[in-house]
Amino acid sequence: MSDIRVFVSIEIPDKTSLDGPLGYLRAVKGVRTSPPEQIHITLRFIGDVDESKVDVIGDCVARAVQDKGPFRIRVAGAGAFPKRDRPSVVWIGASPQNEMAAIADGIGRNLRDAGIDFDSKPFKSHITVGRCREPVDLSGFYERFSDLEFTEFECSEILVMRSVLGPKGAKHTVLRRIRLPSM
């Protein structure tokens, strides 16, 4: 088998709800916006892994959510990493942070137990909507979008995704869908 690039995520069902922030950012020189079809909440970035491990990864996710039922996600607010005045990644917020962090931490524990390396940075609930290639002033973006709610939806599944990098950006494909059990 060969290595593939993998991450675990939650899909945003109504991507058009983010048309406003994406449209604003497209007009800002120095910001590369996320393609709408790639918009998601990353729970765990795994990176390159042997393709034969996909079932093991799916099992790690399934065990992490076996006692979790579907829950509501609120998409609201705006910000940037590492700092608002020095943005590298521009984001829209997603909550509840604690619920998603518990799932991300459980996935991480299970991956570690299975001997699968992953990016172990602490989970920060967000949706990446842009990346800055140079210093930019996003104060107008924050003023316009920081206090807005964009959508709310029920999360009923977690996705194991493949990411193939190419000259026109990444292409994402669903490898596994792990349903959250009805409680």
Side-chain angles (χ1 to χ4, degrees), residues 1-15 17-18 32-75 81-82 88-131 151-183:
M1 293 262 164
S2 60
D3 280 357
I4 59 173
R5 190 169 189 249
V6 176
F7 64 94
V8 179
S9 69
I10 296 171
E11 183 176 8
I12 309 301
D14 180 14
K15 293 172 177 49
S17 65
L18 299 175
R32 180 174 41 97
T33 56
S34 300
E37 65 274 8
Q38 291 181 13
I39 289 181
H40 63 272
I41 300 167
T42 301
L43 292 171
R44 279 289 167 219
F45 180 76
I46 297 168
D48 292 337
V49 66
D50 191 282
E51 195 170 359
S52 67
K53 302 279 189 199
V54 170
D55 286 336
V56 174
I57 293 167
D59 290 344
C60 289
V61 174
R63 283 195 320 278
V65 299
Q66 68 188 3
D67 62 345
K68 312 264 188 229
F71 63 98
R72 304 283 307 162
I73 293 179
R74 181 175 173 260
V75 177
F81 298 129
S88 176
V89 172
V90 186
W91 52 261
I92 296 297
S95 60
Q97 162 76 25
N98 292 344
E99 182 83 20
M100 288 183 276
I103 293 170
D105 291 347
I107 293 167
R109 278 190 302 279
N110 295 340
L111 290 170
R112 196 172 298 110
D113 291 348
I116 296 174
D117 289 332
F118 63 96
D119 182 347
S120 60
K121 284 191 290 234
F123 174 77
K124 290 189 174 129
S125 180
H126 71 283
I127 301 161
T128 299
V129 291
R131 296 185 183 277
T151 189
E152 188 173 313
F153 64 94
E154 182 171 277
C155 174
S156 59
E157 66 181 2
I158 307 295
L159 306 178
V160 177
M161 303 291 294
R162 178 180 186 173
S163 177
V164 177
L165 301 177
K168 294 183 178 181
K171 183 175 182 334
H172 297 162
T173 309
V174 177
L175 297 174
R176 298 287 182 279
R177 292 179 183 274
I178 292 87
R179 302 276 311 159
L180 298 177
S182 297
M183 302 308 278

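Just so we're clear, the structure is a prediction, and the values are computed from it rather than from any experiment.
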**OP:** Determine, stepwise, if the pair Phe153 / Ile10 fulfils side chain to side chain contact (heavy atoms under 4.5 Å, CB included).
**Re:** CA-CA 11 Å; Phe153 64 94; Ile10 296 171; 4.1 Å; yes

Subject >> side chain to side chain contact (heavy atoms under 4.5 Å, CB included) between Phe71 and Ile103, intermediate numbers included >> reply: CA-CA 12 Å; Phe71 63 98; Ile103 293 170; 3.7 Å; yes

Original post:
So Ile4 and Val54, side chain to side chain contact (heavy atoms under 4.5 Å, CB included) or not? Walk me through it.
Top reply: CA-CA 9 Å; Ile4 59 173; Val54 170; 3.8 Å; yes

**OP:** With sequence neighbours excluded, give me every side-chain hydrogen bond (donor to acceptor under 3.5 Å, both in side chains) pair touching residues 88-102.
**Re:** none

Original post:
Roughly how far, to the nearest 0.5 Å, is the CD1 atom of Ile178 from the CG atom of Leu159?
Top reply: 7.5 Å

**OP:** Check whether more than 12 heavy atoms from other residues, nucleotides or ligands sit under 6.0 Å from atom NZ of Lys124, and answer yes or no.
**Re:** no

Original post:
Between NE2 of His172 and CD of Glu11, what distance do you get to the nearest 0.5 Å?
Top reply: 12.0 Å

Subject >> Non-neighbouring partners of Arg131 that pass salt bridge (charged side-chain N to carboxylate O under 4.0 Å, His left out), sequence neighbours left out >> reply: none

Per-pair distances, 0.1 Å, donor-acceptor, side chain in residues 36-51, under 3.5 Å, sequence neighbours excluded:
from: Gln38; atom 1: NE2; to: Ala170; atom 2: O; distance (Å): 2.2
from: His40; atom 1: ND1; to: Gln38; atom 2: O; distance (Å): 2.5
from: His40; atom 1: NE2; to: Thr42; atom 2: OG1; distance (Å): 2.8
from: Arg44; atom 1: NE; to: Ala104; atom 2: O; distance (Å): 3.1
from: Arg44; atom 1: NH1; to: Asp119; atom 2: O; distance (Å): 3.4
from: Arg44; atom 1: NH1; to: Lys121; atom 2: O; distance (Å): 3.0
from: Arg44; atom 1: NH2; to: Asp105; atom 2: OD1; distance (Å): 3.4
from: Asp50; atom 1: OD1; to: Ser52; atom 2: N; distance (Å): 2.9
from: Asp50; atom 1: OD1; to: Ser52; atom 2: OG; distance (Å): 2.6

Original post:
Who are the salt bridge (charged side-chain N to carboxylate O under 4.0 Å, His left out) partners of Asp55, not counting sequence neighbours?
Top reply: Arg176

**OP:** List for me each residue that meets side-chain hydrogen bond (donor to acceptor under 3.5 Å, both in side chains) alongside Ser125, sequence neighbours excluded, and say none if there are none.
**Re:** none

Original post:
Can you tell me how far OG of Ser17 sits from CD1 of Ile127, rounded to the nearest 0.5 angstrom?
Top reply: 7.5 Å

Original post:
Glu152: what forms a side-chain hydrogen bond (donor to acceptor under 3.5 Å, both in side chains) with it, not counting sequence neighbours?
Top reply: Arg72

May I have the list of side-chain donor-acceptor pairs in residues 108-117 shorter than 3.5 Å, sequence neighbours left out?
from: Asn110; atom 1: ND2; to: Cys60; atom 2: O; distance (Å): 2.9
from: Asn110; atom 1: ND2; to: Gly106; atom 2: O; distance (Å): 3.3

Subject >> side-chain contact (heavy atoms from CB on, under 4.5 Å) partners for Val164, two or more places apart >> reply: Arg162

Original post:
How far apart are the closest heavy atoms of Ile73 and Cys155, and which atoms are they?
Top reply: CD1-CB, 3.7 Å

**OP:** Provide the closest heavy-atom pair for Arg179 versus Val65 in the form atom of the first, atom of the second, distance.
**Re:** O-CG2, 4.4 Å

Subject >> Partner residues of Arg74 under the salt bridge (charged side-chain N to carboxylate O under 4.0 Å, His left out) criterion, sequence neighbours left out >> reply: Glu149

Original post:
Among all residues two or more places apart in sequence or in another chain, which pass the salt bridge (charged side-chain N to carboxylate O under 4.0 Å, His left out) test with Arg177?
Top reply: Glu157

**OP:** Please round to the nearest 0.5 Å and tell me the distance separating atom CD1 of Ile57 and atom CZ of Phe7.
**Re:** 12.0 Å

**OP:** Calculate, to the nearest 0.5 Å, the distance between atoms NE2 and CE belonging to His126 and Met100 respectively.
**Re:** 11.0 Å

Subject >> Arg63: partners by side-chain hydrogen bond (donor to acceptor under 3.5 Å, both in side chains), with sequence neighbours left out >> reply: none

